[in-house]
Amino acid sequence: LTIDVDIGGEVLIPLRTLTPLPEPAEKGGQLNWPIFISPKTFGNEGVFDDYVVDTVKVKLRGLYHEEAGDLDVRLLHAGRSSMLSGNRGGTRTFGRPEPRDYGTLLTPVQRRRKFGIDVVQGEGFDYDFADLVGLNLADGRPGEQSSSISGDFTAAWRATDGNLISSGMATVTEANPWYQVDLGSSQDIGTVVLWTPDPENLVNEVQVVKTTGLVTLAGTFRLKLNHNGFTEVTEPISHNAVGPAQYEDKTSFEAGVGQGESMQAKIEKLDNVGLVSVTRSVPDREGGYEWTITFLTEYTDLNELAVHSNDLTAGKLRLPEDQVAGITITTKVDGTRNTFYNANMRFGAVLVSDTPFGSGNLAAARAVASAERSFEINAAQRQINVPMPTNTRGRYVRVTLLQTSYLSLAEIFVFTEELYSVQVFNGGSPIPPGTYVPEVAFSDIFGGTEIHGDWVLAITDSTNQQIEDEKTSHRRQLRHGSGAISDWILQVFPRHRDTGVVSNTPLTYHVDLSATILTLPKYGKLYEAASYTRGDLIEAQVGLEIFAGKCIGVDCSHKFGLGNILTTEKKGSRAVANQISHGRSVIYVPNANYRGTDSFTFRINRGTLPGSQVGTVTLRVKKCRIDCSNDRLFGMEPSIDESLTTPWDNRPFILPPPDRILQPDIYGARLWNDPYCPFPPCNEFSLPVN
């Protein structure tokens with residue numbers, strides 16, 4: 001790590017580690033990093049007896065990965081899981097992984113032998129995840145909707161009553177159903193958050209199909225199911241069809257037992273149903289069977305299967321009517337009855353206007369809208385975050401589906417603040433550091449749980465790195481690359497069990513890491529850092545002296561920082577005190593009037609185990625005019641001529657060579673690559689104003 005420091009200034013330096021994110025082929029691609037909170041955290045048994053979790057905040061420090069869409073990032077606690085980023089972000093990067101040049105060797109085999117697939121280095125960014133906090137502009141405001149499926153029970157007022165658990169508003173099934181709220185006056189609108197009603201505890205529908213006859217059964221039958229607005233009919237089902245697909249004979253197509261002949265396969269081929277689980281009883285005396293069908297992905301109270309056609313026979317008897325086999329269908333367990341949630345909702349949009357929408361259709365609403373943002377609802381998604389376009393302002397907010405369905409909302413929140421989840425971030429790459437909302441609010445997932453116990457950050461890399469080659473150029477391309485993370489921090493906001501009062505001061509917990517300073521800088525001082533404030537001075541062990549190395553065979557009187565080093569590596573009272581925990585940040589302050597290069601080294605410890613790698617921080621102390629920071633802003637490295645010994649004020653005025661002139665409207669004050677600014681006065685140059 002190399003850092004520029006202004007003469008007479010100081011710089012905050014975080015001491016980071018690098019924990020690689022495993023590939024799917026290694027440990028299942030999952031990194032599980034726990035923080036354990038003991039009930040005796042403050043040395044007081046029972047300290048958490050009066051408090052539970054209200055919400056939390058998570059900081060991922062130093063995260064980078066070559067494809068954000070490969071990562072599933074979750075927080076786990078008390079048997080619950082909150083998704084921070086569920087394979088979102090596409091091919092954008094987290095942080096800035098370093099580009100890799102693998103050359104142009106002749107064959108893929110040669111390239112693979114030489115380079116392999118390795119863990120990429122990079123610059124990690126800090127990403128915060130927290131619930132959206134602000135004034136809900138829609139709270140208690142009046143609303144309207146296109147229709148109501150159940151009168152006042154699903155009326156518009158229920159979407160702004162503050163109750164996330166209620167059934168909320170719900171329309172009938174129609175084209176482009178809508179709900180709209182009047183904010184009372186024109187407001188700046190940054191984010192709209194939609195909550196679908198909390199469904200009842202999930203109960204899977206279970207139905208039983210039974211065949212009976214007087215003598216041995218044979219033949220086939222077909223079933224039908226009316227669901228999601230249309231009726232589907234199965235292919236012929238053999239009288240002896242096996243239950244689950246795993247019992248099929250994949251090497252044959254024999255009726256009842258061959259490939260695709262199971263009851264499970266026949267039901268799952270229906271377009272209006274998802275996955276099912278099927279078991280089959282032993283045959284009765286006449287060869288009749290009983291199939292028990294559990295519908296795994298239809299979260300509703302299903303209509304009962306019905307017989308579409310019965311081509312079963314019961315053998316030859318004296319009377320034809322005795323040869324007919326019977327089929328009975330019964331519902332053993334009703335599925336979840338609550339239909340007012342997002343089982344069928346998929347695509348929609350939020351429209352904002354200062355003009356009332358009235359009861360017009362989608363085209364009429366779009367004609368008066370000043371802003372629109374579309375959204376997509378995933379299966380069983382409770383919270384939908386919709387960031388509105390910048391500078392959106394209006395009084396009326398309409399939510400509409402872009403499909404034929406019912407619209408059902410437990411609650412609508414409207415905030416002035418703009419806050420994205422990784423799911424809906426639509427900017428460029430890399431995904432910038434900052435604060436994002438989880439895909440479902442932490443308060444909804446963890447609210448009311450115990451504070452103590454294991455909190456686990458689980459990061460899963462879903463896709464192995466892949467080598468691809470362009471046939472013409474033979475260049476090696478790497479997709480679905482790798483990444484790493486430094487560490488993570490958990491903040492818990494406690495809520496009193498009885499009064500419901502939420503503390504504004506969070507409890508902060510860190511992973512079990514610390515840093516030890518191994519060698520101190522020679523031309524400056526290090527301080528422990530409490531945020532951006534200097535803490536205790538980091539000192540060497542008593543009795544150790546500064547080593548001032550000699551330059552042999554070369555004139556290096558103008559160079560600095562080549563000597564070093566004060567050390568804290570050996571055991572000693574000060575050395576032990578120089579182990580930095582929690583934030584693991586230091587502040588470097590160069591000596592007065594020093595200009596040149598300095599450095600120090602450190603090691604990250606995991607628990608009581610010292611790390612195996614030593615990190616080096618190089619500090620370049622220079623007369624830093626405004627363009628030094630500008631250079632770093634544009635990813636450029638200022639040139640330094642360390643042979644210059646002429647004092648700043650005595651340097652002659654020289655014109656920049658034409659090939660060094662840059663565009664000041666793009667690069668600001670940096671007119672050429674001399675960091676010592678020969679143009680008097682330096683303060684005539686300024687950064688461009690956006």
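Residues: numbered from 1 along the sequence shown. Quick caveat, the model's predicted, so the values are computed rather than measured.
Of the possible polar contacts, one joining the T171 side chain to the L407 backbone as a donor-acceptor pair under 3.5 Å is found. Not a single donor-acceptor pair under 3.5 Å links the side chain of E528 to the backbone N or O of G535. Distance alone, capped at 3.5 Å, is enough to place a donor-acceptor pair between the E411 side chain and the D161 backbone. In terms of modelled atom types and a separation under 3.5 Å, the side chain of Y127 and the main chain of I431 share a donor-acceptor contact. No side-chain donor-acceptor contact under 3.5 Å links T19 to the backbone of D487. For the pair R393 (side chain) and S186 (backbone), a donor-acceptor distance under 3.5 Å is present. In this structure, the side chain of E439 engages the main chain of G86 through a donor-acceptor pair within 3.5 Å. The main-chain N or O of S370 is never found under 3.5 Å from a side-chain atom of S353 such that the two would form a donor-acceptor pair.
Under 4.0 Å is where a charged nitrogen must lie from a carboxylate oxygen, and between R497 and D50 no such pair does. Salt bridge status for D126 with R61: absent, with no side-chain N to carboxylate O gap under 4.0 Å. A salt bridge links R74 and D72; the closest N-O separation between the charged side-chain nitrogens and carboxylate oxygens is under 4.0 Å. Between E372 and R398, no side-chain nitrogen of the basic residue sits less than 4.0 Å from a carboxylate oxygen of the acidic one, so the salt-bridge criterion is not met. R92 and E67 are not joined by a salt bridge, as no carboxylate oxygen comes within less than 4.0 angstrom of a charged side-chain nitrogen.
The side-chain heavy atoms of L275 and F295, taken from C-beta on, include no pair separated by under 4.5 Å. The side-chain heavy atoms of V56 and F442, taken from C-beta on, include a pair separated by under 4.5 Å. In this structure, L75 and V456 have side chains that are not in contact, with every pair of non-hydrogen atoms separated by 4.5 Å or more. Within the 4.5 Å cutoff, the side chain of L60 has heavy atoms near those of the F129 side chain. Side chains of D128 and K57 form a contact here, defined as non-hydrogen atoms less than 4.5 Å apart. Annotation: side chain of T191 is in contact with side chain of L132 (closest heavy-atom distance under 4.5 Å). Proximity of W33 to V511: side-chain heavy atoms (C-beta onward) are separated by under 4.5 Å at one or more points.
Under the ring-ring contact (aromatic ring centres under 6.0 Å, His included) rule, W455 has a single partner from W488, F446, F36, which is F446.
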Evaluate D54 against S443 for side chain to side chain donor-acceptor pair (under 3.5 Å), listing each step before the verdict.
CA-CA 6 Å; D54 183 70; S443 59; over 6 Å; no

Working note: V73 + M83, criterion side-chain contact (heavy atoms from CB on, under 4.5 Å); need CA distance, chi angles, decisive distance, verdict.
CA-CA 6 Å; V73 185; M83 185 179 295; over 6 Å; no

Carefully, step by step, assess D131 and T55 under the rule side chain to side chain donor-acceptor pair (under 3.5 Å).
CA-CA 8 Å; D131 291 347; T55 187; 2.7 Å; yes

One pair to check against side chain to side chain donor-acceptor pair (under 3.5 Å): D182 and Q180. What are the steps and the verdict?
CA-CA 7 Å; D182 178 0; Q180 59 197 29; over 6 Å; no

Decide side-chain contact (heavy atoms from CB on, under 4.5 Å) for Y396 and V352; before the verdict, give the C-alpha distance in whole Å, the side-chain angles of both, and the deciding distance to 0.1 Å.
CA-CA 6 Å; Y396 303 93; V352 175; over 6 Å; no

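Taken from CG in L137 to CZ in F415, the straight-line distance is 8.5 Å, to the nearest 0.5 Å. A distance of 9.5 Å separates OG1 in T93 from CG in L63, rounded to the nearest 0.5 Å. Here the straight-line distance linking atom CH2 of W195 with atom CD of Q383 works out to 4.0 Å at 0.5 Å rounding. In this structure, CZ in F600 is found 9.5 Å from OG1 in T616, a value given to the nearest 0.5 Å. Note that CD1 of I35 and CG of L490 are 5.0 Å apart. Values are rounded to the nearest 0.5 Å.
For D152, the CG atom sits in a packed shell: over 12 heavy atoms of surrounding residues, nucleotides or ligands are nearer than 6.0 Å.
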